[in-house]
Amino acid sequence: MTSFDHLADDYRQHGLAGRIGFGERPALLVIDFIKAYTTPGSPLYAAPGVPDAVRASQPVLAVARTAGIPIIYTTVAYAPDGRDGGIFVQKVPALRQLTHDSPLIAIVDELRPQAGELVIEKKYASAFFGTHLATTLTALRIDTVIMVGCSTSGCIRASAVDGMQHGFRVIVPRECVGDRAPEPHLANLFDIDGKYGDVVSVAEVIHYLNRLCE
């Protein structure tokens, strides 16, 4: 986020970018790390940002499993005519490729869900909008949501906003989210960190999760 360093002090001086920190009961939310974003030739292919973020997320997923915290995935799927996607599908026609019979909606092999890990199907950008995610997290008494996935400017940002608005501490490891271009990626990381959650290093997240394993 070096291109925004000159704004960081201004934000803090005006009462933005406070730190919320980690809570006591985390969950890992793996947002839309599906093959549509990592498969060359897919209309949603977003390299190198998303494939890089997938690789960076592998150790986070491993330590989250060791710590025994809830792990929840999201994917996106629509009817063939896209009518269940509303205005979103009209705005982003490439989403019409994500039908229930498409291999593109599968979670990437590197982060494939294990037995007992929940996969939620969503229709819109936020993992919370129109899904049972918030009630599931609340029932599990979760207070912290660690978000990895894509894209930073779309589903990560929307989920971060909604996560905060549902009362969860939102933590985004910067290396573990990706976008199709660096400019929106960096701008949205800066904005999330300024208003909605804490953007931290993957090393900080792994350190926190390792403490839960002790």
Side-chain angles (χ1 to χ4, degrees), residues 27-58 61 70-139 145-163 165-166 168 170 172 176-185 187-188 192:
L28 177 64
L29 182 58
V30 183
I31 299 175
D32 294 2
F33 267 155
I34 58 177
K35 293 182 179 181
Y37 297 99
T38 61
T39 302
S42 163
L44 294 167
Y45 182 52
V50 174
D52 286 349
V54 168
R55 285 187 287 272
S57 297
Q58 288 179 268
L61 179 61
I71 299 168
I72 301 175
Y73 294 77
T74 70
T75 185
V76 184
Y78 300 100
D81 61 4
R83 59 184 167 181
D84 51 348
I87 300 298
F88 194 30
V89 169
Q90 295 180 42
K91 184 65 178 177
V92 187
L95 293 172
R96 291 180 181 271
Q97 307 291 319
L98 304 181
T99 55
H100 288 92
D101 60 351
S102 171
L104 295 176
I105 71 169
I107 306 299
V108 296
D109 294 338
E110 300 93 325
L111 304 173
R112 186 181 295 118
Q114 294 184 353
E117 295 173 351
L118 183 63
V119 179
I120 294 176
E121 180 183 301
K122 65 187 183 69
K123 307 293 183 183
Y124 294 93
S126 171
F128 291 90
F129 184 81
T131 74
H132 54 82
L133 176 60
T135 53
T136 298
L137 293 172
T138 299
V145 180
I146 300 167
M147 296 184 182
V148 303
C150 62
S151 65
T152 315
S153 60
C155 299
I156 296 298
R157 182 203 169 96
S159 299
V161 174
D162 278 358
Q165 291 175 158
H166 278 93
F168 300 108
V170 171
V172 178
C176 299
V177 294
D179 214 309
R180 65 186 59 257
E183 293 84 0
H185 170 73
N188 280 276
I192 291 169

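For reference, positions follow the sequence shown, starting with 1.
The shortest distance between side-chain heavy atoms of Thr152 and Arg157 does not fall below 4.5 Å. Using a 4.5 Å cut-off on side-chain heavy atoms (C-beta onward), Arg180 and Leu44 make contact. Side-chain contact check for His185 versus Val177: some heavy-atom pair is nearer than 4.5 Å. Contact of the His132 side chain with the Leu118 side chain is registered, since non-hydrogen atoms from C-beta on lie closer than 4.5 Å. Side-chain contact between Phe33 and Cys150: present, with at least one pair of heavy atoms (C-beta onward) separated by less than 4.5 Å.
Of the possible donor and acceptor atoms, one in the side chain of Arg96 sits under 3.5 Å from a partner among the backbone N and O of Asp81. A distance-only check finds a donor-acceptor pair linking the side chain of Tyr78 to the backbone of Lys123 [under 3.5 Å]. Under a 3.5 Å cut-off, the side chain of Asp84 and the backbone N or O of Ala79 do form a donor-acceptor pair. A side-chain donor-acceptor contact under 3.5 Å links Glu117 to the backbone of Gln114.
Using a 30° and 60° split on the angle between ring planes, Phe129 and Tyr124 fall in the perpendicular class, above 60°.
In this structure, Ala127 and Lys122 approach most closely via the heavy-atom pair CA-CD, 3.7 Å. What you find for Thr131 and Glu121 is that their closest heavy atoms are CG2-O, 4.1 Å. Ile156 and Gly149 make their closest contact through CD1-C, 3.7 Å (heavy atoms, listed as atom of the first residue, atom of the second, distance). When all heavy atoms of Cys155 and Ile31 are compared, the closest pair comes out as CB-CG2, 3.8 Å. A pairwise comparison of heavy atoms in Ser153 and Asp179 identifies OG-OD2, 2.6 Å as the closest pair. Of all the heavy atoms in His166 and Ala134, the pair that sits closest is CD2-CB, 3.5 Å.
Results of the side chain to side chain contact (heavy atoms under 4.5 Å, CB included) test with Thr75 over Val30, Ile34, Leu98 single out Ile34 as the only residue that passes.
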